[in-house]
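Fair warning: this is a prediction, and the values are worked out from it, not measured in the lab. The chains referred to below are lettered A, B, ... by the order of the sequence lines, with proteins before strands, and numbering in each begins at 1.
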Amino acid sequence: MRYSEMFLPTTKETPSDAEIASHQLMLRAGMIRKLAGGIYSYLPLGYRVIRKVENIVREEMNRAGAQEVLLPAVQPAELWMESGRWNMYGKELLRVRDRHNRDYCIGPTHEEVITALVRDEIQTYRQLPRNLYQIQTKFRDEIRPRFGIMRSREFGMKDAYSFDATEEGAEESYRKMFDAYNRIFTRCGLHFRPVEADSGNIGGSFSHEFMVTADSGEDAMVHCTSCQYAANLEKAECPRPKEGASQGAECLPLEEVHTPDVRTIEEVCAYLDVAPRDVVKTMIFMCDAKPVAVLVRGDEEINEAKLKNYLGCDSLELSMDDTILEVTGSPRGFAGPIGIKCRIIADHSLNGMENFVVGGNREDYHIKNCNSTRDFGTSEYADLRVIREGDMCPRCGGEISIVRGIEVGHVFKLGTKYSKAMNATFLDRDGKEKHMIMGCYGIGISRTVAACIEQSHDGDGIIWPMSIAPFHVIITPVNMKDEQISRAAEEMYERFVADGIEVILDDRDERAGVKFKDADLIGVPLRVTVGSRGLADGTVEVKFRQSGKVDKIPISTASDFVTGAITDV
RNA sequence: CGGGGCGUAGCGCAGCCUGGCAGCGCGCCUGCUUUGGGAGCAGGAUGUCGCAGGUUCGAAUCCUGCCGCCCCGACCA
């Protein structure tokens with residue numbers, strides 16, 4: 001393409017409402033423009049990159065045996081009522097009415113549509129397994145969209161759904177997708193890691209998130225520095241201390257102490273001059289409308305995802321002040337396990353603790369020297385806390401490290417959740433009707449592009465990997481008014497185009513500096529500089545955006561050199 | 001939904017406190033000079049000061065309501 005004819009509005013200044021590098025650079029490089037909160041237009045440069053990622057995804061999905069479809073974006077409410085999600089999904093689901101006052105939603109995901117399609121068309125095990133995928137715009141009415149297209153309301157997504165007759169088949173389908181995802185993100189030039197994710201009530205490790213490591217990422221990922229263990233923060237298991245691993249200290253008598261207006265762990269520690277790890281927090285949760293007291297050490301946090309899984313409940317939230325008063329007999333800030341009127345569950349780390357501080361269940365009082373077995377006799381211990389940097393790996397005992405990441409893909413074994421709700425069955429070899437076993441597999445296409453920029457940029461702009469670069473090469477004639485230079489650049493451009501190279505000719509009548517800055521900003525991997533210095537001895541300069549390396553190449557072999565550099569990667 | 005901030009030219013911002021000709025930089029247009037890392041000079045165009053109402057002789061500026069955007073939090077099958 002000729003730069004002079006392109007719709008490529010780059011800017012020198014950074015828009016004030018962009019916080020993170022990818023958002024700023026996508027705006028500055030003329031890839032995207034915002035239309036409304038969390039809703040963006042893709043300009044030609046941005047859309048080219050999207051298409052590159054989509055094509056990699058297509059190739060690998062097809063290679064893994066999946067078939068591409070395109071499902072409706074607008075979906076009737078009845079389908080969502082069948083699955084139960086019309087009521088469960090909440091405000092993220094954008095609902096609309098048509099002229100006949102019928103309810104629809106703009107699809108945030110497509111389990112309902114695909115399940116309805118497949119149940120009508122597949123009757124026998126002979127037609128299984130099948131894996132169908134689409135690349136389509138999704139809409140999720142996020143509470144707070146942010147960071148440009150990193151968390152937008154409208155976004156591009158690849159979603160795939162597998163249907164199997166047997167458990168083993170479903171696991172095989174899952175593995176195929178897992179492998180395909182590894183190839184896809186590798187080809188996109190990303191540093192990523194699949195991590196075990198919370199799979200809700202289904203259990204096992206049949207859910208993995210593909211996380212791109214980036215400090216700006218919204219998610220925390222946990223990994224072991226010694227073995228391959230990796231999980232997201234919600235899922236990460238904490239190592240279980242040895243049963244009854246007490247230090248053998250003597251149980252001291254209980255002591256109620258007056259602690260006026262001392263509520264938080266910090267206040268308690270300061271007032272009583274103890275360490276947070278010697279205090280036990282008592283949090284009252286409402287689990288499907290029943291109160292539960294959850295105990296965790298003062299220096300630890302409760303992991304609500306684990307707690308919810310352990311309790312197996314549908315809804316879980318911290319209880320209101322009136323419930324706390326009812327259960328503990330005191331206002332917020334003084335809850336403790338002794339004499340409390342509800343079920344008590346303690347994190348494993350409490351097992352073996354001695355003489356710790358707890359709330360007094362009485363306003364302005366705490367209790368010292370509490371010992372679980374003696375004082376409230378709980379025997380219900382579970383893994384309920386959030387893992388921390390430096391903790392022991394639950395697999396090998398090595399050291400746990402936590403880094404931030406961006407979730408670009410998710411593979412999930414659904415089981416029969418939707419096939420049961422929507423009655424998607426098939427007739428098996430034994431003549432019995434069975435529910436199909438499903439899996440779903442998503443990739444955030446637009447987010448993957450943003451993640452790539454987060455991971456690969458410098459002070460001058462984006463640094464695209466060759467595989468998803470919008471163009472391979474940009475030819476920069478240093479001075480268009482110089483006949484010799486512009487003619488040489490034109491000829492080279494024609495040759496590159498003829499050789500199938502994706503090339504921009506920067507034929508604008510701008511100074512060299514402006515062209516160099518724009519080339520760096522939009523991140524084209526190779527830049528060919530045509531100037532009088534080189535032309536004197538029949539050469540041009542080829543500069544690599546990533547390494548900064550510059551090669552002097554004879555004009556006659558430039559196309560071969562560039563072609564080599566493109567296919568090299 | 002709670003807390004904080006913002007809304008003035010295409011972009012980045014000043015002006016608002018203390019009411020009195022709507023400004024600066026970048027970009028854009030014209031011309032000349034310049035031409036290897038965001039050129040110089042000269043001339044020029046561009047505004048519903050977010051919207052609505054109120055106070056006032058007079059409102060970008062003060063008051064009220066609304067809308068939009070950004071950040072933090074809560075929330076996130």
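Across the strands present, C69(B) finds its partner in G5(B); the criterion is a Watson-Crick or G-U wobble pair with both atom distances under 3.5 angstrom. For U30(B), the paired base is A42(B) (Watson-Crick or G-U wobble, both distances below 3.5 Å). In a base pair of the Watson-Crick type (N1 to N3 plus N6-O4 or O6-N4) or a G-U wobble (N1-O2 and O6-N3), with each distance short of 3.5 Å, A74(B) is matched with no nucleotide. Base pairing analysis places G25(B) opposite C11(B); the two distances defining the Watson-Crick or G-U wobble pair are each below 3.5 Å. In a base pair of the Watson-Crick type (N1 to N3 plus N6-O4 or O6-N4) or a G-U wobble (N1-O2 and O6-N3), with each distance short of 3.5 Å, C57(B) is matched with G20(B).
Comparing atom distances between the Arg28(A) side chain and each of C76(B), G38(B), C72(B) picks out G38(B) as nearest. Across C70(B), G37(B), C71(B), the shortest atom-to-atom separation from the side chain of Phe147(A) is found for C71(B). The listed nucleotides are U34(B), C76(B), C75(B); the one nearest the side chain of Ile143(A) is C75(B). Of the candidate nucleotides G36(B), G37(B), A74(B), A74(B) has the atom lying nearest to any side-chain atom of Arg144(A). Which of A74(B), U35(B), A77(B) sits closest to the side chain of Tyr89(A) comes down to A77(B). With distances taken from any side-chain atom of Lys517(A) to the nucleotides U34(B), G37(B), G36(B), the minimum falls on G37(B).
Both tests do not hold together for Lys413(A) against Tyr174(A): distance to the six-membered ring centre under 6.0 Å, angle to the ring axis within 45°. Both the sub-6.0 Å distance and the 45° axial angle are satisfied by Arg508(A) relative to the ring of Tyr3(A).
Computed from coordinates, the Ile522(A) CD1 to G38(B) C1' distance equals 15 Å when rounded to whole Å. Per the geometry, CG belonging to Asp509(A) stands 12 Å off P belonging to C28(B), to the nearest Å. Atom pair Glu209(A):CD and C76(B):C1' shows a separation of 13 Å (rounding to whole Å applied). In this structure, Arg33(A) atom CZ and G10(B) atom C1' are separated by 10 Å, rounded to whole Å. Arg151(A) places its CZ atom 15 Å from the C1' atom of C71(B), with the value rounded to the nearest Å.
Not counting sequence neighbours, Lys91(A) has no partner by the salt bridge (Lys or Arg N to Asp or Glu O under 4.0 Å) test. The salt bridge (Lys or Arg N to Asp or Glu O under 4.0 Å) search around Asp482(A) returns none, not counting sequence neighbours. A search for side chain to side chain donor-acceptor pair (under 3.5 Å) contacts involving Thr11(A) returns nothing, not counting sequence neighbours.
Looking at Asn479(A), its side chain has no donor and acceptor atom pair within 3.5 Å of the base of G36(B). The base of G36(B) does not come close enough to the side chain of Arg527(A) for any donor and acceptor atom to sit less than 3.5 Å apart. Counting distance only, with no hydrogens placed and no angle test, the side-chain atoms of Asp460(A) and the base atoms of G37(B) include no donor-acceptor pair under 3.5 Å.
Across all strands shown, Lys34(A) has heavy atoms under 4.0 Å from sugar-phosphate atoms exclusively, and none from any base. Asp482(A) comes within 4.0 angstrom of no nucleic acid atom, judged by non-hydrogen atoms across all strands. Note on Arg140(A): nothing from the nucleic acid sits closer than 4.0 angstrom, heavy atoms only. Looking at heavy-atom distances under 4.0 Å, Gly531(A) makes contact with a base.
We find that Glu13(A) and Arg28(A) are not joined by a salt bridge, their nearest charged nitrogen and carboxylate oxygen being 4.0 Å or further apart.
Closest approach of Ile402(A) and Arg388(A) over heavy atoms only: CD1-C, 3.8 Å.
Side chain of Asp507(A) to main chain of Ser4(A): a donor-acceptor pair is present (N/O by atom type, distance under 3.5 Å, no hydrogens or angles).
Pairs of residues two or more places apart, or lying in two chains, that qualify as salt bridge (charged side-chain N to carboxylate O under 4.0 Å, His left out) and include a residue from residues 37-48 of chain A are Arg48(A)-Glu502(A).
Counting only N and O atoms by type, the side chains of Ser216(A) and Glu454(A) include a donor and acceptor under 3.5 Å apart. A side-chain donor-acceptor contact under 3.5 Å links Asp164(A) and Ser173(A).
Residues from residues 77-86 of chain A with heavy atoms under 4.0 angstrom of RNA chain B, sorted by number: Arg85(A). Of the residues in residues 8-19 of chain A, Lys12(A), Glu13(A), Thr14(A), Pro15(A), Ser16(A), Asp17(A), Glu19(A) come within less than 4.0 Å of RNA chain B through at least one heavy atom, sorted by number.
Rounded to whole Å, the separation between the C1' atoms of G20(B) and U61(B) comes to 11 Å.
Both Leu521(A) and Thr109(A) sit near RNA chain B, but only Leu521(A) has its closest nucleotide nearer the 5' end. With the nearest nucleotide of RNA chain B identified for both Arg508(A) and Arg146(A), Arg508(A) has the one nearer the 5' end.
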